[in-house]
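Here the structure comes first, spelled out in structure tokens, and everything after it is commentary.
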Amino acid sequence: MDISFLGGPRPQRGVGVVAPFDFALDRELWRWVPDEISLHLTRTPFVPVEVSLDLARLVSEHETLREAVRALCAVAPEVVAYACTSGSFVGGVAGERAMCAAMTQAGELPSLTTSGALLDALAALGARRIALVTPYTESVTSSLEEYLAQAGTAVTGRAFLGLTRHIWKVPYRDVVDMARQAVVGAADCLFISCTNLPTYDVIPQLEAELRMPVLSANQVTMWAALRRIGAHAVGPYQRLLIEEAQRARPPAPEQSQKRQQQQEG
């Protein structure tokens, strides 16, 4: 059958993603991505170390990231995201910026990390006090708190699981239970850390129950990466995405006319 009249597949814009070797949630990342965008994923080399501060340092070494970005450049993405929370906060704010610089230099294209995307999302929401949920050990969780403190964000409450492996197997009910434990103070929002922790379907439930924005590692990573190329993440009933869409929406004709009259007056 001749299908040449169809003209071939639609052009796709690309987002490159560098993930740790044990990342298991490729499909979750795709759920935030609109149809006209493709994700191109690559992984860091395997190392026989469980989830810890040592692993976070190993998977975020600059040369490791440079090699991953160079590999992704073969398919010409428009932006590259390092999808690892602990790997991008373990060196503090200065370390995160240095990682972005190393990736940008390697690929000559915009680069970002999960932890940097978190700070951008907090700024977009005007959030300065957050409740924190992680699957990590106490030492890794404390390192995240230190990173947030350097960025001027206070943690009002926290809950963590103490896991060192198989984080992608954590059920939603455990995430919900931790969220309820963490929201004990006057928080502006909740952040669920770790790109290997499933969160997509639980965000709307938690936002409705807790009556505050809920951010997750994969959500902010995709939101920030798509934002860099002028696209928008998709997802139902997620405050960050709703507010982004409202900011991007052109004003109604009567609002535009009123603003023009104010400017002329």
Side-chain angles (χ1 to χ4, degrees), residues 20 22-25 28-29 31-32 50-53 55-56 83-90 96 113-125 127-151 153-224 235 237-241:
D22 63 344
F23 181 70
L25 299 181
E28 174 160 293
L29 291 184
R31 297 179 74 184
W32 273 291
E50 293 185 326
V51 178
S52 61
L53 290 174
L55 179 62
C84 181
T85 325
S86 60
S88 54
F89 68 61
V90 69
E96 190 275 335
T113 74
T114 298
S115 294
L118 168 61
L119 298 186
D120 289 344
L122 293 175
L125 294 171
R128 300 296 298 274
R129 300 168 300 173
I130 70 170
L132 185 61
V133 164
T134 89
Y136 311 133
T137 61
E138 184 171 10
S139 61
V140 180
T141 303
S142 295
S143 182
L144 174 53
E145 287 192 75
E146 292 168 10
Y147 171 82
L148 290 166
Q150 288 179 20
T153 302
V155 174
T156 59
R158 70 178 191 176
F160 58 92
L161 288 175
L163 298 180
T164 59
R165 55 190 307 218
H166 295 165
I167 289 171
W168 67 88
K169 296 181 179 180
V170 174
Y172 282 147
R173 63 177 175 273
D174 290 356
V175 176
V176 171
D177 288 344
M178 282 195 294
R180 290 168 177 161
Q181 295 172 36
V183 180
V184 293
D188 298 319
C189 75
L190 170 72
F191 175 58
I192 307 170
S193 190
C194 190
T195 54
N196 230 2
L197 185 66
T199 57
Y200 185 93
D201 293 310
V202 80
I203 292 173
Q205 175 187 340
L206 284 173
E207 289 198 335
E209 177 181 331
L210 302 175
R211 298 183 180 278
M212 65 175 60
V214 174
L215 305 177
S216 80
N218 283 331
Q219 178 205 46
V220 298
T221 304
M222 289 296 95
W223 169 82
Y237 310 110
Q238 299 178 31
R239 183 83 64 85
L240 178 67
L241 310 189

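These numbers come from a predicted model, not from an experiment. Each residue takes its place number in the sequence, starting with 1.
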Point to revise | Qualifying ring pair (Phe, Tyr, Trp, His ring centres under 6.0 Å) pairs, either residue in residues 127-147, two or more places apart | key: none
Exercise for review: Just grab all the ring pair (Phe, Tyr, Trp, His ring centres under 6.0 Å) pairs involving residues 181-217, residues at least two apart or on different chains.
Suggested key: W32-Y200
Donor-acceptor pair between [X] and [Y] side chains, under 3.5 angstrom:
| X | Y | result |
| --- | --- | --- |
| E96 | T113 | yes |
| T134 | S193 | no |
| S115 | T85 | no |
| Q238 | Q219 | yes |

Exercise for review: Could you please spell out the steps behind the side-chain contact (heavy atoms from CB on, under 4.5 Å) verdict for I203 and Y237?
Suggested key: CA-CA 8 Å; I203 292 173; Y237 310 110; over 6 Å; no
What residues form a side chain to side chain donor-acceptor pair (under 3.5 Å) with [X], not counting sequence neighbours?
| X | result |
| --- | --- |
| T153 | none |
| R180 | E209 |
| N218 | E28 |
| Y172 | D201 |

Considering all heavy atoms, the nearest [X]-[Y] contact:
| X | Y | answer |
| --- | --- | --- |
| G235 | L241 | N-CD1, 3.6 Å |
| L132 | E145 | CD2-CG, 3.9 Å |
| P213 | L125 | CB-CD1, 3.8 Å |
| A217 | V220 | O-CG2, 3.3 Å |
| L122 | L148 | CD1-CD2, 4.3 Å |

Exercise for review: Provide the full list of salt bridge (Lys or Arg N to Asp or Glu O under 4.0 Å) pairs with a residue in residues 213-224, sequence neighbours left out, each pair given once.
Suggested key: none
Revision key, fill the gap. For F160, the ring-ring contact (aromatic ring centres under 6.0 Å, His included) test, sequence neighbours excluded, returns none
Please tell me if the side chains of [X] and [Y] come closer than 4.5 Å, counting only heavy atoms from C-beta onward.
| X | Y | answer |
| --- | --- | --- |
| I192 | L215 | no |
| H166 | E50 | no |
| E207 | M212 | no |
| F89 | V140 | yes |

Check your understanding: Do V90 and L53 pass the side-chain contact (heavy atoms from CB on, under 4.5 Å) test, and can you show the C-alpha distance, the side-chain angles, and the key distance before you say yes or no?
Key -> CA-CA 7 Å; V90 69; L53 290 174; 4.0 Å; yes
Point to revise | Pair T114-S88, side-chain hydrogen bond (donor to acceptor under 3.5 Å, both in side chains): steps then yes or no | key: CA-CA 7 Å; T114 298; S88 54; 5.0 Å; no
About how many Å separate [atom2] of [Y] and [atom1] of [X], when rounded to the nearest 0.5 Å?
| X | Y | atom1 | atom2 | result |
| --- | --- | --- | --- | --- |
| L118 | S216 | CG | OG | 10.0 Å |
| T164 | L55 | OG1 | CG | 10.0 Å |
| L161 | I167 | CG | CD1 | 8.5 Å |
| K169 | L163 | NZ | CG | 11.5 Å |
| S86 | N196 | OG | CG | 9.5 Å |
| C189 | I130 | SG | CD1 | 5.5 Å |

Taking side chain to side chain contact (heavy atoms under 4.5 Å, CB included) as the test, write out the residues that go with [X], two or more places apart.
| X | result |
| --- | --- |
| Q150 | V93 |
| A149 | none |
| A159 | M178, Q181, A182 |

Under 3.5 Å, side chain of [X] to main-chain N/O of [Y], donor-acceptor pair present?
| X | Y | result |
| --- | --- | --- |
| T195 | A83 | yes |
| D188 | R129 | yes |
| S143 | T141 | no |

Point to revise | Contacts of type salt bridge (charged side-chain N to carboxylate O under 4.0 Å, His left out), residue R128, not counting sequence neighbours | key: none
Review point. Would L29 and M222 count as a side-chain contact (heavy atoms from CB on, under 4.5 Å) if you check the C-alpha gap in whole Å, the side-chain angles of each, and the deciding distance to 0.1 Å?
Key: CA-CA 7 Å; L29 291 184; M222 289 296 95; 4.1 Å; yes
